[in-house]
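Please read the structure below before turning to the comments.
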2 protein chains.
Amino acid sequence: MHAAPALPPGSPRRAPLWRHLLGDRLRSARHRRGETLGEVAGRAGVSPQYLSEIERGLKDPSSEMVEAIAAALDLTLVDLIREISRLLLAPGPPRAGQATESVIAFALAA
Amino acid sequence: MHAAPALPPGSPRRAPLWRHLLGDRLRSARHRRGETLGEVAGRAGVSPQYLSEIERGLKDPSSEMVEAIAAALDLTLVDLIREISRLLLAPGPPRAGQATESVIAFALAA
DNA sequence: CCAACGCTCTGCCATCAGCAGAATCGAGCG
DNA sequence: CGCTCGATTCTGCTGATGGCAGAGCGTTGG
């Protein structure tokens, strides 16, 4: 896997990459269940170190890996994508009720 | 990138993988614009052969590649994910108005 | 203090992402 | 019909990275 072509100069990267969005959701789901990297990774059949890397958006996992980890969290890929999409529907400043959950999720993920 | 652990026996793979969903959407978007692999690949800075592979779900592209290809289609990753999610919201049999567009999109993709 | 736990860091290598050249296919034309 | 051309897919290759094992770090509780 090779690095993508560089963006034009003066075009700082603002939008998150797929691996960032994915990783955030996976970590969020894991924390929601109150489980450790070891527990989820064990069920998914991957190493805890690797799951950590994926959650932090450091690695682009294969599609099969994504499937396996989602399953270990009792999710499907469809669930994941929908959840990412739903969060993307609220790009503006946080609002009262909706933002509370997001803020907590972020605090737990940090 | 290594193969994921095998699924338990007696569990045939039914759900599409991420690379399949992604590839379908990218090809659909390209056809909607009436463009060739060469044109889009050129703007994205990748080879037409590789874009073909991605569209057919043969390769798991890096997140940066996904970004570059989406941009070449005047889309963002957010657009792509939303579109995939929207399509996933209609898993049942096609209905009159909604299905027409899907059928056309599939026919163009074939 | 030390052990246990959860997570991240570091270094490694087998696999595959990404590609160049070749092959195939279908449409259009003389 | 044969030929040309453009679009797409096939094939083989290699450098980069996905995925991992061992080590390191911080926190907590006895």
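In what follows, chains are A, B, ... by sequence order, proteins preceding strands, each numbered from 1.
Distance B/K59 NZ to D/dT14 C1': 12 Å, rounded to the nearest Å. D/dC20 atom C1' lies 9 Å from atom CE of A/M65, rounded to whole Å. Summarising the geometry, the separation between CD on A/E53 and C1' on C/dG11 is reported as 12 Å, rounded to the nearest angstrom. Distance CZ (A/R19) to P (D/dG18): 7 Å, rounded to an integer number of Å. Following rounding to the nearest Å, A/L51 (CG) and C/dT8 (P) show an atom-to-atom distance of 10 Å. Computed from coordinates, the A/L37 CG to C/dA4 P distance equals 20 Å when rounded to whole Å. D/dG18 atom P lies 13 Å from atom CZ of A/R56, rounded to whole Å. As rounded to whole Å, 10 Å separates atom C1' of C/dC7 from atom CD of A/E55.
Atoms CG and CZ, on A/L73 and A/R30 in that order, are 8.5 Å from each other to the nearest 0.5 Å.
The shortest side-chain heavy-atom distance between A/E39 and A/P48 does not fall under the 4.5 Å cut-off. Within the 4.5 Å cutoff, no side-chain heavy atoms of A/M65 are placed close to those of A/K59. Annotation: side chain of A/E67 is not in contact with side chain of A/S62 (no heavy-atom distance under 4.5 Å).
Side-chain nitrogen and oxygen atoms of A/S52 include at least one within less than 4.0 Å of the OP1 or OP2 phosphate oxygen of C/dT8. For D/dA7, neither phosphate oxygen OP1 nor OP2 lies less than 4.0 angstrom from any side-chain nitrogen or oxygen of B/R27.
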(request) Output, in order, the C-alpha distance, side-chain angles, deciding distance and verdict of side chain to side chain contact (heavy atoms under 4.5 Å, CB included) for B/V40 and B/L26. (result) CA-CA 10 Å; B/V40 175; B/L26 290 174; over 6 Å; no

(request) Applying side chain to side chain contact (heavy atoms under 4.5 Å, CB included), run through A/R25 and A/L75 and close with a yes or a no. (result) CA-CA 11 Å; A/R25 284 299 98 214; A/L75 296 172; over 6 Å; no

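The side chain of A/S47 lies closest to D/dA21, out of D/dA21, D/dT8, C/dC7.
Using a 4.0 Å cut-off between charged side-chain N and carboxylate O, A/R19 and B/E64 make a salt bridge.
Looking at which nucleotide of DNA chain C each of A/E35 and B/I54 is closest to, the 5′-most match is held by A/E35. The nearest heavy atom of DNA chain D to A/L58 and to B/L58 marks one nucleotide each, and the one closer to the 5' end goes with B/L58.
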Under-3.5 Å N/O pairs linking protein and nucleotides 21-27 of chain C:
| unit_1 | atom_1 | unit_2 | atom_2 | d |
| --- | --- | --- | --- | --- |
| C/dG21 | O6 | B/Q49 | NE2 | 3.1 |

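Within the 4.0 angstrom heavy-atom criterion, only backbone atoms of the sugar-phosphate kind lie near B/R30; the bases stay farther away.
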